[in-house]
2 protein chains.
Amino acid sequence: MSLPHALLGLLAVEPASGYALTKAFETDLGRYAWHAGHTSIYPELGRLAEQGLVEVTAEGPRGSRTYAVTPAGRAELRSWLLDEPAEHSRRVRNEHVLRMFLLSALDPADARVALGRIAENTAAGAAELRRVRAAHADKPLIGREGFGQLAAEYGLRQYEAARDWAIWAMTQIDDNTESVGR
Amino acid sequence: MSLPHALLGLLAVEPASGYALTKAFETDLGRYAWHAGHTSIYPELGRLAEQGLVEVTAEGPRGSRTYAVTPAGRAELRSWLLDEPAEHSRRVRNEHVLRMFLLSALDPADARVALGRIAENTAAGAAELRRVRAAHADKPLIGREGFGQLAAEYGLRQYEAARDWAIWAMTQIDDNTESVGR
DNA sequence: GAGCGCATGTAATATGTTACATGATTCA
DNA sequence: TGAATCATGTAACATATTACATGCGCTC
């Protein structure tokens, strides 16, 4: 369960309301790393506050509450990021990768079509992240301003690798079916 | 919810019991693409059978049931793999990527340590997949024998890209803190 | 015949998702 | 003043995890 750490991380960069955090999960963070809706976020903030990892530092209009990390919360975040990932973190759930695994269940012609689509989609994703990177090119990499920049570069490289792979896989299938056909 | 498709994909390659499917999720598939335990798998097989997407083709010792995909199941799998991914499939949950996002919440020295660890781990992962690839080098890429080979190559490339990124990110942080320090 | 692994299941709990609901504030 | 967005919440449902439970079959 990484939602509490995601919240601590966001709040460590800048205090925010549950609503603002919800918005953050709708952009890059939720798209590439971790998704959550407001119905998960609000109760989790309550639990973090109970544990003393965050606290309400301000109350604004419309009943909004601004949360900030406490020193204990910052320590928890730090040790989570610096400790070795636990065994259970290996329990991945990634629909895109699953599709790549299951490609072997298709016949070669269908697999080729699916790979072509993957190549298109990953190329489009890479292009989008190149725009994100360009828009933040002048900001520092660490801290408030740079939040997510390292991750954007990471995503870009992953997309590029995925696209290269898809093209490679298509040629592999072509070579394979050709030699079988002979 | 991709579990039904994961099961259809595995059964499309080869009929199997729930127990055997559970084992499959404990190896590469569960490690890189999608994880599930037997308490999810058995009920899901029941639902798929109700829907006519799989059927029991044999019953063996100890009450074991061998499931196989029906033509309807194969059609469902095919269209899932060939259709555009749905909007909700973007709802990723990947703890590793989350860590990379949250790196910006650390101070530069800590971020460097975390990146060094990521570089180590991804290098180890790449090495492991190179062994997997070598062990299957002589098998075809599509169908029963090749199951997961394309995915293994994909994983290898992702690991390599992640490692390159981590090393790049460390140099970026070094350059950055150096220039600030001046 | 003892122990291990096969093979399936139930039940309790935790977590996540969807739909529904409410009211405040801002801005045009 | 009407619409959009802010801001939080509840409830029902679906899904996933953990712990518990049972019995068969194979091998030594």
Side-chain angles (χ1 to χ4, degrees), chain A residues 1-7 10-11 14-27 29-31 33-51 54 56-68 86-95 98, chain B residues 1-7 10-11 14-27 29-31 33-51 54 56-68 86-95 98:
Chain A
M1 226 221 353
S2 306
L3 175 59
H5 294 108
L7 294 173
L10 289 169
L11 294 176
E14 188 170 22
S17 66
Y19 187 83
L21 292 168
T22 303
K23 292 285 160 187
F25 281 98
E26 278 164 16
T27 57
L29 180 72
R31 184 151 167 206
W34 203 269
H35 179 269
H38 82 279
T39 51
S40 307
I41 292 167
Y42 287 118
E44 189 61 49
L45 283 171
R47 263 170 257 143
L48 288 170
E50 267 177 45
Q51 292 166 47
V54 303
V56 176
T57 54
E59 308 208 3
R62 279 162 288 194
S64 81
R65 291 180 296 271
T66 301
Y67 288 89
E87 181 54 36
H88 75 265
S89 74
R90 297 208 151 174
R91 285 177 189 183
V92 165
R93 252 184 209 129
N94 187 319
E95 188 169 319
L98 177 61
Chain B
M1 227 221 352
S2 306
L3 176 58
H5 294 107
L7 294 172
L10 289 170
L11 293 176
E14 189 170 21
S17 66
Y19 188 84
L21 293 168
T22 303
K23 292 284 160 188
F25 280 97
E26 278 164 16
T27 58
L29 180 71
R31 181 151 170 206
W34 203 268
H35 180 269
H38 81 278
T39 52
S40 308
I41 292 167
Y42 287 118
E44 188 61 50
L45 283 170
R47 266 170 255 141
L48 289 169
E50 268 177 43
Q51 294 165 45
V54 305
V56 176
T57 54
E59 309 208 0
R62 279 163 288 192
S64 82
R65 290 180 296 272
T66 301
Y67 289 89
E87 182 54 34
H88 77 266
S89 74
R90 298 208 151 173
R91 286 178 188 181
V92 165
R93 249 182 213 131
N94 187 320
E95 189 170 319
L98 177 62

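Chain A is the first sequence line, chain B the second, and so forth, proteins listed ahead of strands; every chain is numbered from 1. Everything numeric in this text was worked out from a predicted model, so none of it was measured.
Arg93(A) places its CZ atom 11 Å from the C1' atom of dT15(C), with the value rounded to the nearest Å. Taking atom NE2 of residue His38(A) and atom P of nucleotide dC20(C), one finds them 14 Å apart after rounding to whole Å. Rounded to whole angstrom, the span from the CD atom of Glu26(B) across to the P atom of dT17(D) amounts to 13 Å. Computed from coordinates, the Leu7(B) CG to dA16(D) C1' distance equals 14 Å when rounded to whole Å. Leu45(B) has its CG atom 8 Å from the P atom of dT8(C), to the nearest Å. Rounded to whole Å, atom C1' of dG16(C) lies 10 Å from atom CG of Leu3(A). Atoms CD (Glu59(B)) and P (dA7(C)) sit 13 Å apart, rounded to a whole Å. The distance between atom NE2 of His35(B) and atom C1' of dT15(D), rounded to the nearest whole Å, is 15 Å.
Contact annotation for Thr39(A): base contact, defined as any heavy-atom pair under 4.0 Å involving a base atom. Using a 4.0 Å heavy-atom criterion, one finds that Ser40(B) contacts the bases of the nucleic acid, with or without backbone contacts as well.
Map Trp34(A) and Pro61(A) each onto its nearest nucleotide of DNA chain C; the residue landing nearer the 5' end is Trp34(A). Take the nearest nucleotide of DNA chain C for Ala36(A) and for Arg62(A): the residue whose nucleotide is more 5' is Ala36(A). Between Ser64(A) and Pro43(A), it is Ser64(A) whose nearest contact on DNA chain D lies nearer the 5' terminus.
Closest heavy-atom contact between Tyr42(B) and Tyr19(B): OH-N, 3.3 Å. Across all non-hydrogen atoms, the minimal contact from Pro15(B) to Thr66(B) is CB-CG2, 3.8 Å. The minimum heavy-atom distance linking Leu11(A) with Tyr67(A) is given by the pair CD2-O, 3.5 Å.
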(message) Checking Glu44(A) against Arg47(A) for the salt bridge (Lys or Arg N to Asp or Glu O under 4.0 Å) test, could you report, in this order, the C-alpha distance in whole Å, the side-chain angles of both residues, the deciding distance, and whether it holds?
(response) CA-CA 5 Å; Glu44(A) 189 61 49; Arg47(A) 263 170 257 143; 2.6 Å; yes
(message) Does Phe25(A) form a side chain to side chain contact (heavy atoms under 4.5 Å, CB included) with Leu7(A)? I'd like the steps, not just the answer.
(response) CA-CA 10 Å; Phe25(A) 281 98; Leu7(A) 294 173; 3.7 Å; yes
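Within the structure, a side-chain polar atom (N or O) of Lys23(B) is placed less than 4.0 Å from OP1 or OP2 of dC6(C). Between Tyr42(B) and dT8(C), a side-chain N or O to OP1/OP2 separation shorter than 4.0 Å is present. In this structure, Tyr19(A) reaches the dC6(D) phosphate: one of its side-chain N or O atoms is under 4.0 Å from OP1 or OP2.
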